[in-house]
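Notes for the one structure printed next.
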Amino acid sequence: MNSQPAFNRGSSTEIAGQIDAVAWAVFFIWVGIAMLVPVPWEWFLMGVGILILAAEYARWQMDIRIEGFWVACGVVCFAGGLWALLNLPWPLAPILIIGLGVWLLAKIIVDASR
């Protein structure tokens with residue numbers, strides 16, 4: 001029986017790369033499942049949000065720098081999916097996505113002016 005850990009104990013860069021690789025693999029599995037079994041858009045978004053947040057949580061647990069952009073993307077996907085699932089009256093996901101885009105654009109402009 002192979003008793004090696006799932007992640008090699010290497011540098012934090014190597015471990016971060018392994019976490020990212022696992023997250024991408026699970027993402028493609030989720031997309032495949034969503035295509036084979038017609039998963040409603042709401043559930044698909046929530047699944048993507050959970051996947052992104054789980055990857056960032058794993059990075060945090062291993063004392064690896066978390067990516068704020070991906071945390072924001074995970075929150076937006078999960079919140080948008082939940083909002084649509086609950087069929088709330090006004091569209092949260094587009095507003096959050098527009099807000100995220102405006103925030104990223106403002107960050108780029110501020111960083112370029114320094």
Side-chain angles (χ1 to χ4, degrees):
M1 176 172 245
N2 189 355
S3 63
Q4 289 195 330
F7 290 102
N8 294 329
R9 295 291 172 200
S11 71
S12 61
T13 304
E14 291 171 348
I15 295 170
Q18 291 175 337
I19 292 171
D20 293 344
V22 169
W24 277 108
V26 174
F27 171 75
F28 285 119
I29 292 168
W30 177 237
V31 169
I33 290 169
M35 291 172 74
L36 280 174
V37 180
V39 174
W41 179 247
E42 300 87 6
W43 289 104
F44 177 77
L45 275 178
M46 287 177 57
V48 170
I50 290 169
L51 171 65
I52 293 169
L53 293 172
E56 291 305 312
Y57 179 75
R59 293 171 70 98
W60 178 65
Q61 286 294 307
M62 294 184 178
D63 289 326
I64 300 170
R65 185 176 151 269
I66 61 172
E67 302 287 336
F69 171 76
W70 286 111
V71 171
C73 286
V75 169
V76 166
C77 287
F78 184 80
L82 183 62
W83 199 266
L85 182 67
L86 296 175
N87 202 21
L88 297 173
W90 49 278
L92 177 69
I95 293 169
L96 288 176
I97 292 169
I98 291 167
L100 181 60
V102 168
W103 175 73
L104 288 170
L105 187 58
K107 185 178 175 191
I108 291 167
I109 292 169
V110 168
D111 288 346
S113 66
R114 289 183 186 178

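- When all heavy atoms are compared, the tightest approach of A55 to I19 is O-CG2, 3.8 Å.
- Following chains of ILVMFWY side-chain contacts shorter than 4.5 Å, one cannot reach I66 starting from L104, and the two form parts of different hydrophobic clusters.
- Among residues at least two apart or in separate chains, side chain to side chain donor-acceptor pair (under 3.5 Å) pairs with a member in residues 62-75 are R65-E67.
- The two residues R59 and A16 come nearest to each other via the heavy atoms NH1-CB, 3.7 Å.
- I50 is not connected to W60 by any chain of hydrophobic side-chain contacts under 4.5 Å among Ile, Leu, Val, Met, Phe, Trp and Tyr, and they are in different clusters.
- With hydrophobic clusters built from ILVMFWY side chains whose heavy atoms lie under 4.5 angstrom apart, V37 does not share a cluster with I29.
- Residues L51 and L82 fall within the same hydrophobic cluster, defined by Ile, Leu, Val, Met, Phe, Trp and Tyr side chains chained together at heavy-atom separations under 4.5 Å.
- Between L100 and A72, the shortest heavy-atom contact is CD1-CB, 3.8 Å.
- Residues L45 and G81 share a closest heavy-atom pair of CB-CA, 3.8 Å.
- Within the structure, no pair that satisfies the side chain to side chain donor-acceptor pair (under 3.5 Å) test touches residues 26-51, not counting sequence neighbours.
- The heavy-atom pair separating S12 from I64 by the smallest distance is O-CD1, 3.8 Å.
- Listed by first and then second residue, the side chain to side chain donor-acceptor pair (under 3.5 Å) pairs involving residues 47-58 are Y57-Q61 (not counting sequence neighbours).
- The minimum heavy-atom distance linking V71 with L53 is given by the pair O-CD2, 3.7 Å.
- Both V39 and F28 are assigned to one and the same hydrophobic cluster, defined by single-linkage of ILVMFWY side chains at heavy-atom distances under 4.5 Å.
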